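Everything on this sheet refers to the single structure shown next.
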Amino acid sequence: MKPWLIFFLTLKIATAEYVPVVLWHGMGDTCCFSFSLGGFQRFLEEQLKGVYVHSLRIGNSTTEDFENGYFMNPNHQIEYACNQIAGDPYLKKGFNAIGFSQGAQFMRGLIQRCGHLLPPVKNFISLGGQHQGVYGLPHCGAVSHATCDYFRKLLNYAAYVGWVQKYLVQATYWHDPLNEALYKNNSIFLSDINNEKRVLKGYVRNLQKLEHFVMVKFDNDTMVQPVETSWFGFYAPGQSIKLQNLQESNIYKKDRLGLKQMDKDGKLVFLHTEGDHLRFTDGWFIKNILQPYLNMTIE
């Protein structure tokens, strides 16, 4: 190889610019706690030298960011985040997106609703997201436990009341399989981004622009019920015992979100790891997420 070519290639590698990463935290967290997403941001910056990481803060302070994870309507959060990303000049060439827990379905909502207004989202990583919603309580016992069913019924009684949907974030992705019509008609967030009320083709087009949609399920998750929701699975309609996977659901069969086509195109990736909610090792993340989906440079 010519010496000048070696020099050129070395220079190109040395000045390579990694695709930026945008993070969206989960419930009970904020953008920047050093023991949580702040630490994860530093981890990414160490692994991908020089990478730009934008950890979304929903609000004017960490306190507001924390509170908004419970009380700011997800529709407003998504609009806020869209404006934040659009105004960041470091993201203008595109970015990879990572959503943690409820931040995963919010990030997906962002991609679907305003992806055409933003720089291209290349890979979307969903860590323990609840893409078909939840029907259970954090750290509650087995789904057949009588106490769990009792509290489920209490939440079902109020979850779809207008003011609860408006002011309690978790109610907006509460999914009652015993009354699918009530859920679809009254959920102001989840049933919309899942195209269950009507099919918005713009949502489909924006989601299908992704290079990969990577869904990570935590096998021993005690926060998310059912655990299969992290892979777009859920209870079969009309009961709360039998589970069905994505491919068995109407969202897939009728291709309401374009996921069937994405699956055929090899864009859907289903990963799992042992451990409780959002518990993974650095080694697992590097091997399964960072190397195949984040270790990419701007063209």
Side-chain angles (χ1 to χ4, degrees), residues 24 74 78 94 96-99 101-118 120-135 172-177 180-181 183-185 187 189-219 221 224-273 288-289 292-293:
W24 198 328
I78 288 172
N96 290 312
I98 305 178
S101 194
Q102 74 177 19
Q105 55 262 35
F106 297 171
M107 186 72 85
R108 177 166 65 85
L110 180 150
I111 293 167
Q112 293 175 197
R113 288 180 177 173
C114 55
H116 58 292
L117 302 174
L118 299 176
V121 185
K122 299 180 181 299
N123 293 305
F124 168 38
I125 316 299
S126 165
L127 296 171
Q130 298 104 56
H131 296 289
Q132 280 271 40
V134 296
Y135 186 60
T172 67
Y173 55 88
W174 181 262
H175 183 168
D176 181 4
E180 287 286 336
Y183 152 69
K184 290 176 182 178
N185 292 329
S187 168
F189 169 65
L190 188 67
S191 69
D192 174 74
I193 67 162
N194 282 354
N195 268 350
E196 294 182 292
K197 293 181 179 180
R198 62 195 184 283
V199 175
L200 297 176
K201 293 181 180 179
Y203 286 8
V204 176
R205 284 194 298 268
N206 285 341
L207 195 61
Q208 289 187 328
K209 290 178 184 176
L210 290 171
E211 294 178 15
H212 297 96
F213 177 7
V214 182
M215 290 171 268
V216 179
K217 175 170 69 76
F218 295 88
D219 293 338
D221 200 324
V224 173
Q225 290 189 12
V227 176
E228 287 72 18
T229 188
S230 293
W231 278 359
F232 249 104
F234 204 67
Y235 298 108
Q239 48 81 58
S240 59
I241 298 174
K242 182 182 177 183
L243 293 159
Q244 62 180 18
N245 60 29
L246 168 62
Q247 289 76 10
E248 296 169 324
S249 70
N250 282 332
I251 286 179
Y252 187 91
K253 289 179 178 178
K254 297 180 180 180
D255 211 13
R256 300 182 71 87
L257 274 177
L259 295 174
K260 186 176 182 178
Q261 186 60 51
M262 290 180 74
D263 199 12
K264 290 179 179 178
D265 294 340
K267 291 186 173 184
L268 298 187
V269 181
F270 301 90
L271 300 177
H272 69 102
T273 182
N288 294 280
I289 303 294
Y293 305 110

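As the structure is a computational prediction, the values presented were derived from the model and not from experiment.
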| field | NZ/Lys197: more than 12 non-hydrogen atoms of other groups inside 6.0 Å | value |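 Check passes, neighbour count above 12.
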
| request: Count the heavy atoms of every other residue, nucleotide or ligand shown that sit under 6.0 Å from NE2 of His212, and state whether that count exceeds 12. | output: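 Yes, the 6.0 Å shell around NE2 holds more than 12 heavy atoms from other groups.
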
Minimum-distance pair of heavy atoms, taken over all atoms of [X] and [Y]:
{"X": "Leu110", "Y": "Ile78", "value": "CA-CG2, 3.7 Å"}
{"X": "Ser240", "Y": "Pro177", "value": "CB-CG, 4.3 Å"}
{"X": "Glu248", "Y": "Leu243", "value": "OE1-O, 4.3 Å"}
{"X": "Leu127", "Y": "Ala104", "value": "N-CB, 4.4 Å"}
{"X": "Ala97", "Y": "Val121", "value": "CB-CG1, 4.0 Å"}
{"X": "Pro237", "Y": "Gln244", "value": "CD-NE2, 3.9 Å"}

Starting at [atom1] of [X], measure out to [atom2] of [Y] and round the result to the nearest 0.5 Å.
{"X": "Leu246", "Y": "Thr229", "atom1": "CG", "atom2": "OG1", "value": "10.5 Å"}
{"X": "Ile111", "Y": "Phe106", "atom1": "CD1", "atom2": "CZ", "value": "14.0 Å"}
{"X": "Asn195", "Y": "Lys254", "atom1": "CG", "atom2": "NZ", "value": "12.5 Å"}
{"X": "Gln208", "Y": "Leu259", "atom1": "CD", "atom2": "CG", "value": "8.5 Å"}
{"X": "Asn123", "Y": "Phe213", "atom1": "CG", "atom2": "CZ", "value": "12.0 Å"}
{"X": "Lys260", "Y": "Asp265", "atom1": "NZ", "atom2": "CG", "value": "12.5 Å"}

| Ring geometry between Phe232 and His131 (parallel below 30°, tilted from 30 to 60°, perpendicular above 60°) |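 Plane angle under 30°, so parallel.
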
| said: Using the rule ring-ring contact (aromatic ring centres under 6.0 Å, His included), only one of Phe234, Tyr135, Tyr235 pairs with His175; which is it? | reply: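 With His175 as partner, Phe234, Tyr135, Tyr235 yield a single ring-ring contact (aromatic ring centres under 6.0 Å, His included), made by Phe234.
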
| request: Applying side chain to side chain donor-acceptor pair (under 3.5 Å), name anything that partners Asn250, two or more places apart in sequence or on another chain. | output: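 By the side chain to side chain donor-acceptor pair (under 3.5 Å) rule, Asn250 matches no residue at all.
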
| query | Sequence neighbours excluded, which residues qualify as salt bridge (charged side-chain N to carboxylate O under 4.0 Å, His left out) partners of Lys217? | reply |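 Listed in chain order: Asp219.
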
Below 4.5 Å, heavy atoms only, C-beta onward: do [X] and [Y] meet side chain to side chain?
{"X": "Leu207", "Y": "Arg108", "answer": "yes"}
{"X": "Pro74", "Y": "Gln105", "answer": "no"}
{"X": "His116", "Y": "Lys209", "answer": "yes"}
{"X": "Val216", "Y": "Asn288", "answer": "no"}
{"X": "Arg113", "Y": "Asp192", "answer": "yes"}
{"X": "Met262", "Y": "Val204", "answer": "no"}
{"X": "Gln130", "Y": "Ser101", "answer": "yes"}

| message | Quiz question: by atom type and distance under 3.5 Å, do the side chains of Tyr252 and Asn245 form a donor-acceptor pair? | response |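 Note: Tyr252 and Asn245 side chains miss the donor-acceptor criterion.
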
| Testing Val269, Leu268, Ile98 for side chain to side chain contact (heavy atoms under 4.5 Å, CB included) with Val214, which one passes? |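 Filter result, single survivor: Val269.
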
| message | Is there a side chain to side chain contact (heavy atoms under 4.5 Å, CB included) between Ser187 and Glu196? Walk through the geometry before answering. | response | CA-CA 10 Å; Ser187 168; Glu196 294 182 292; over 6 Å; no

| Does the pair Tyr183 and Leu190 meet the rule for a side chain to side chain contact (heavy atoms under 4.5 Å, CB included), with working shown? | CA-CA 9 Å; Tyr183 152 69; Leu190 188 67; 3.4 Å; yes

| Looking at residues at least two apart in the chain, or sitting in another chain, which of them share a side-chain contact (heavy atoms from CB on, under 4.5 Å) with Leu117? |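 Checked Leu117 against side-chain contact (heavy atoms from CB on, under 4.5 Å); matches are Cys114.
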
[X] side chain to [Y] main-chain N or O, any donor-acceptor pair under 3.5 Å?
{"X": "Gln112", "Y": "Gly109", "value": "no"}
{"X": "Thr273", "Y": "Phe218", "value": "no"}
{"X": "Glu211", "Y": "Lys122", "value": "no"}

| request: Evaluate the criterion side chain to side chain contact (heavy atoms under 4.5 Å, CB included) for residue pair Val134 and Gln102; output intermediate values, then yes/no. | output: CA-CA 10 Å; Val134 296; Gln102 74 177 19; over 6 Å; no

| said: Using the rule given for side chain to side chain contact (heavy atoms under 4.5 Å, CB included), can you reason through Lys267 versus Leu210, listing the C-alpha separation, both sets of side-chain angles and the distance that settles it, and then say yes or no? | reply: CA-CA 8 Å; Lys267 291 186 173 184; Leu210 290 171; 5.5 Å; no

